[in-house]
2 protein chains.
Amino acid sequence: MGVTKKEKFNQEQNEIATVAKVFAHPARIAIIQQLFKLNACVCGDLVNEIGLAQPTISQHLKELKNLGIIKGEVEGTSVCYCINDEVWNKTKKLLVNFLNQNIHSEKNCC
Amino acid sequence: MGVTKKEKFNQEQNEIATVAKVFAHPARIAIIQQLFKLNACVCGDLVNEIGLAQPTISQHLKELKNLGIIKGEVEGTSVCYCINDEVWNKTKKLLVNFLNQNIHSEKNCC
DNA sequence: TACATTAATCGTAATATTGCAATAAAGCAA
DNA sequence: TTGCTTTATTGCAATATTACGATTAATGTA
């Protein structure tokens with residue numbers, strides 16, 4: 001059906017999955033890395049750097065904006081994007097906490 | 001087109017996106033959490049715990065197996081799954097390294 | 001052997017994602 | 001104003017994902 005049954009899962013599980021989905025495309029990873037490298041970057045420069053069509057980059061930027069980890073500011077005809085530190089740190093905490101899980105039991109089978 | 005243009009990105013960017021894609025479903029997050037909690041878990045118990053149909057859980061387990069972060073051992077008619085620590089730690093490092101990025105520049109716009 | 005139990009696979013329907021051409025919108029420059 | 005530049009949006013085609021019923025395969029049990 002292509003539709004995820006979110007109601008079967010708790011809020012944390014859904015939040016982790018939602019964040020991971022935004023990270024689940026190399027173009028969005030590349031955009032994030034570029035914004036960290038330059039701190040700020042105009043949309044058109046991202047299009048040149050990454051090599052996908054302008055509407056495609058715009059769509060990826062929109063998903064990153066929806067999650068809140070980037071923000072954009074209009075500068076004339078351009079839009080300058082950068083990382084939203086507050087949201088980035090919250091997101092980082094959520095994922096690092098998940099990744100730092102340890103085995104709770106001694107039982108094992110494989 | 002629904003198909004990702006992986007050739008436009010470097011290996012690290014594609015690896016991060018691939019891992020994130022596996023984490024991009026709450027059922028797979030729930031399976032991982034359950035395996036950490038119990039250390040080992042039979043497929044049928046995961047089906048009962050999570051409440052999706054058996055073929056659906058089996059499909060999610062397959063994706064986790066493909067990435068390598070879980071492994072399964074046949075025990076009679078059951079299959080017992082657990083976390084593959086080595087792969088989990090590699091995956092953790094890849095993502096934590098990405099999440100720990102810092103701003104490289106002083107320039108800013110927003 | 002026959003039957004039950006468990007998990008994987010197959011096939012399919014519904015929905016989501018990716019990518020881009022075409023277009024719209026918004027600002028600047030002459 | 002007109003034309004240019006830049007980015008967002010629309011619409012669509014191709015592909016991927018999610019979910020599950022039906023079936024198969026493999027093992028254990030009577």
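Chain A is the first sequence line, chain B the second, and so forth, proteins listed ahead of strands; every chain is numbered from 1. What you see is a predicted model; the values in this text were computed from it and never measured.
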Regarding B:Lys6, tell me which of base, sugar-phosphate or nothing describes its non-hydrogen contacts under 4.0 Å with the strands shown.
nothing
Under 4.0 Å, heavy atoms only, any strand: does A:Val74 hit a base, just the sugar-phosphate, or nothing?
nothing
Between atom [atom1] in [X] and atom [atom2] in [N], what is the gap in whole Å?
X       : N      : atom1 : atom2 : result
A:Lys5  : C:dA16 : NZ    : P     : 14 Å
A:Ile31 : D:dT7  : CD1   : C1'   : 13 Å
B:Lys65 : C:dA7  : NZ    : P     : 11 Å
A:Lys62 : D:dT7  : NZ    : C1'   : 12 Å
B:Leu46 : D:dA19 : CG    : C1'   : 17 Å
B:Glu63 : D:dA16 : CD    : C1'   : 10 Å
A:Leu61 : D:dT7  : CG    : P     : 10 Å

Using modelled atom types and a 3.5 Å cut-off, is there a donor and acceptor pairing between side-chain atoms of A:Lys8 and backbone atoms of B:Gly51?
yes
Do B:Lys71 side-chain atoms and B:Asn84 backbone N/O form a donor-acceptor pair below 3.5 Å?
no
What salt bridge (charged side-chain N to carboxylate O under 4.0 Å, His left out) pairs are there with at least one residue in residues 50-64 of chain B, not counting sequence neighbours?
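Found B:Arg28-B:Glu63.
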Quick one: is B:Lys8 getting a side-chain N or O under 4.0 Å of the C:dG19 phosphate, OP1 or OP2?
no
On the nucleotide C:dA8, are OP1 or OP2 found under 4.0 Å from the side-chain N or O atoms that B:Tyr81 carries?
yes
Taking the nucleotide of DNA chain C with the nearest heavy atom to each, does A:Glu75 or A:His25 sit closer to the 5' end?
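In this pair, the answer is A:His25.
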Could you pick out which residue, A:Thr77 or A:Thr4, lies toward the 5' side of DNA chain C when each is mapped onto its nearest nucleotide?
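Whichever sits nearer the 5' end wins; that is A:Thr4.
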By nearest atom, which of the nucleotides D:dT7, C:dT15, C:dA7 is closest to the A:Val79 side chain?
D:dT7
Near DNA chain D, under 4.0 Å by heavy atom, which residues of residues 49-60 of chain A?
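The answer is A:Gln54, A:Pro55, A:Ser58.
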Ring centroid separation for B:Phe23 and A:Phe23, is it under 6.0 angstrom?
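So the answer is no for these two rings.
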Parallel, tilted or perpendicular, as decided by the 30° and 60° cut-offs, for the rings of B:His25 and B:His60
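If you compare the ring of B:His60 with that of B:His25, the planes turn out tilted.
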Would you mind reporting whether A:Ile32 and A:Leu64 have side-chain heavy atoms less than 4.5 Å apart?
yes
Quick one: do the A:Gln101 and B:Gln33 side chains pair a donor with an acceptor below 3.5 Å?
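Not at all, the side chains of A:Gln101 and B:Gln33 share no donor-acceptor pair under 3.5 Å.
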5' priority, DNA chain D, between B:Gly76 and B:Lys21 [closest heavy atom]
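Taking each residue's closest nucleotide, the earlier one in sequence belongs to B:Lys21.
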